There are 2 protein chains.
Amino acid sequence: MSLSTTFHALSDPNRQKVLDLLKKKEMAVSEIAAYLNITLPTLSHHLDILKRANLISSRRDGQRILYSLNLSVFEEVSEKIIKFLSLKSKKPKLDNFED
Amino acid sequence: MSLSTTFHALSDPNRQKVLDLLKKKEMAVSEIAAYLNITLPTLSHHLDILKRANLISSRRDGQRILYSLNLSVFEEVSEKIIKFLSLKSKKPKLDNFED
DNA sequence: TGTATATTTAGATGACTATCTAAATATTAT
DNA sequence: ATAATATTTAGATAGTCATCTAAATATACA
């Protein structure tokens with residue numbers, strides 16, 4: 001997953017809210033929706049983007065589908081971003097950019 | 001500046017390269033261009049986006065325009081992003097999102 | 001003053017985004 | 001089986017994005 005894909009996934013306020021919610025606990029779609037002013041299809045779309053960015057996962061529980069943060073991936077990604085933001089990095093290997 | 005604006009500014013690989021270059025030193029547009037496979041107008045556009053996100057500044061030096069990282073802002077922004085990425089954050093005040 | 005160099009602005013294009021309503025799918029309960 | 005609940009998919013729309021070429025602006029040099 002490229003840094004750009006990750007940054008893009010994080011660049012929408014509704015997706016940021018979703019992640020903030022899922023940091024606390026696993027949640028069903030309609031439960032998440034209660035915190036956002038968007039329709040369920042739109043939320044579904046955002047969840048799909050976060051899923052493709054590998055930041056969250058889902059599992060079915062009866063009628064509901066529960067979404068949760070991909071903890072380990074999220075941490076990896078955070079590391080990567082922090083490294084990118086770091087000013088002390090000596091050799092930015094420009095040719096090695098994934099993008 | 002909202003987190004979304006910042007994430008968006010960071011979500012393009014060419015802009016990431018520009019920032020990585022400017023972390024090292026102040027650079028003229030054509031100097032930066034040498035590292036990227038885009039035309040000067042496109043680079044100019046990216047510089048404008050980074051500038052609007054308050055991540056970089058420019059000053060004229062003769063014919064050239066030198067771009068540099070807004071060090072203090074860049075650090076502030078990094079802090080903000082790191083806080084957002086932090087899993088230990090207790091109370092994500094969802095209603096207080098800038099976005 | 002005219003020419004070369006550096007950068008930005010204007011205008012266009014095709015791709016992608018967030019959003020919606022309506023319809024489809026899947027599960028549970030009666 | 002039928003109805004209710006939960007979520008996703010389909011299809012449309014208006015807006016934004018990265019990119020380009022061509023033209024404009026600004027500075028320096030001869």
Side-chain angles (χ1 to χ4, degrees), chain A residues 1-22 25-53 55-69 94 97-99, chain B residues 1-22 25-53 55-69 94 97-99:
Chain A
M1 199 66 50
S2 81
L3 245 198
S4 298
T5 303
T6 305
F7 277 131
H8 168 255
L10 297 174
S11 74
D12 180 90
N14 284 317
R15 289 196 288 269
Q16 287 173 26
K17 289 182 193 178
V18 169
L19 290 176
D20 248 336
L21 287 165
L22 296 184
K25 65 174 205 293
E26 190 178 44
M27 285 174 87
V29 178
S30 48
E31 199 180 351
I32 297 170
Y35 291 86
L36 308 174
N37 287 319
I38 55 178
T39 61
L40 280 165
T42 299
L43 174 53
S44 194
H45 166 68
H46 286 308
L47 291 169
D48 188 52
I49 287 173
L50 290 170
K51 212 169 169 182
R52 284 175 197 279
L55 293 169
I56 63 173
S57 294
S58 63
R59 67 181 182 92
R60 184 173 274 283
D61 170 51
Q63 278 171 294
R64 302 178 311 161
I65 293 183
L66 299 177
Y67 279 85
S68 56
L69 207 62
L94 291 166
F97 262 69
E98 270 184 62
D99 290 301
Chain B
M1 200 64 52
S2 80
L3 244 197
S4 297
T5 303
T6 305
F7 276 131
H8 169 255
L10 298 174
S11 73
D12 180 273
N14 283 317
R15 289 196 289 270
Q16 287 173 24
K17 288 182 192 176
V18 168
L19 290 176
D20 248 337
L21 287 165
L22 297 184
K25 67 174 202 295
E26 191 178 43
M27 286 174 87
V29 178
S30 48
E31 199 180 352
I32 297 170
Y35 291 87
L36 308 174
N37 287 320
I38 55 178
T39 62
L40 280 165
T42 299
L43 173 53
S44 194
H45 166 69
H46 286 309
L47 291 170
D48 189 52
I49 287 173
L50 290 170
K51 212 170 170 181
R52 284 174 197 280
L55 293 168
I56 63 174
S57 294
S58 63
R59 68 182 181 90
R60 183 172 276 280
D61 170 52
Q63 280 169 291
R64 302 179 310 160
I65 294 183
L66 299 177
Y67 280 84
S68 56
L69 208 62
L94 290 166
F97 260 69
E98 272 184 59
D99 289 302

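Everything numeric in this text was worked out from a predicted model, so none of it was measured. Here is the naming used below: chain letters follow the sequence lines, and residue numbers restart at 1 for every chain.
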Find the distance [X]:[atom1] to [N]:[atom2] and express it as a whole number of Å.
{"X": "B:Glu31", "N": "C:dT5", "atom1": "CD", "atom2": "P", "answer": "18 Å"}
{"X": "A:Arg52", "N": "C:dA18", "atom1": "CZ", "atom2": "P", "answer": "13 Å"}
{"X": "A:Ile65", "N": "C:dT27", "atom1": "CD1", "atom2": "C1'", "answer": "10 Å"}
{"X": "A:Leu10", "N": "C:dA18", "atom1": "CG", "atom2": "P", "answer": "12 Å"}
{"X": "A:Leu66", "N": "D:dT5", "atom1": "CG", "atom2": "P", "answer": "19 Å"}
{"X": "A:Leu43", "N": "C:dT17", "atom1": "CG", "atom2": "P", "answer": "17 Å"}
{"X": "B:His45", "N": "C:dA12", "atom1": "NE2", "atom2": "P", "answer": "17 Å"}
{"X": "A:Asp12", "N": "C:dC16", "atom1": "CG", "atom2": "P", "answer": "18 Å"}

A:Glu31 and A:Lys25, any side-chain heavy atoms less than 4.5 Å apart: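 Heavy-atom side-chain distance check passes, below 4.5 Å.
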Pairwise side-chain contact, B:Arg52 with B:Asp48, heavy-atom cut-off 4.5 Å (strictly under):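 Yes, side chains in contact.
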Touch class at under 4.0 angstrom, heavy-atom based, for A:Asn14 against every strand present: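 Sugar-phosphate contact only - A:Asn14 comes under 4.0 Å of backbone atoms but never of a base.
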Sugar-phosphate only, base, or nothing, as touched by B:Ile49 at under 4.0 Å among non-hydrogen atoms: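 It contacts sugar-phosphate atoms only.
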Per-nucleotide protein contact string for nucleotides 20-30 of chain D (B base, S sugar-phosphate only, - none; heavy atom under 4.0 Å): BBB---SBS--
Distance check: side-chain N/O of [X] vs OP1/OP2 of [N], anything under 4.0 Å?
{"X": "B:His46", "N": "D:dT19", "result": "yes"}
{"X": "A:His8", "N": "C:dT17", "result": "yes"}
{"X": "B:Tyr67", "N": "C:dA6", "result": "no"}
{"X": "A:Ser44", "N": "D:dT9", "result": "no"}

5′-ward residue of the pair A:Ser30/B:Arg15 relative to DNA chain D: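 Nearer the 5' end of the strand: A:Ser30.
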B:Ser44 side chain vs B:Pro41 backbone, donor-acceptor pair below 3.5 Å: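 Answer holds: no.
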Backbone N/O of B:Gly62 and side chain of B:Arg60: donor-acceptor pair under 3.5 Å: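 Present.
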No-hydrogen, no-angle side-chain donor-acceptor test under 3.5 Å, B:Ser57 and B:Lys51: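 No, because no side-chain N or O of B:Ser57 sits under 3.5 Å from a partner of the opposite role on B:Lys51.
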Audit row: A:Thr42, A:Leu36, side chain to side chain contact (heavy atoms under 4.5 Å, CB included) steps and yes/no: CA-CA 10 Å; A:Thr42 299; A:Leu36 308 174; over 6 Å; no
A:Leu66 and A:Val29: CA distance, side-chain angles, deciding distance, side chain to side chain contact (heavy atoms under 4.5 Å, CB included) verdict: CA-CA 7 Å; A:Leu66 299 177; A:Val29 178; over 6 Å; no
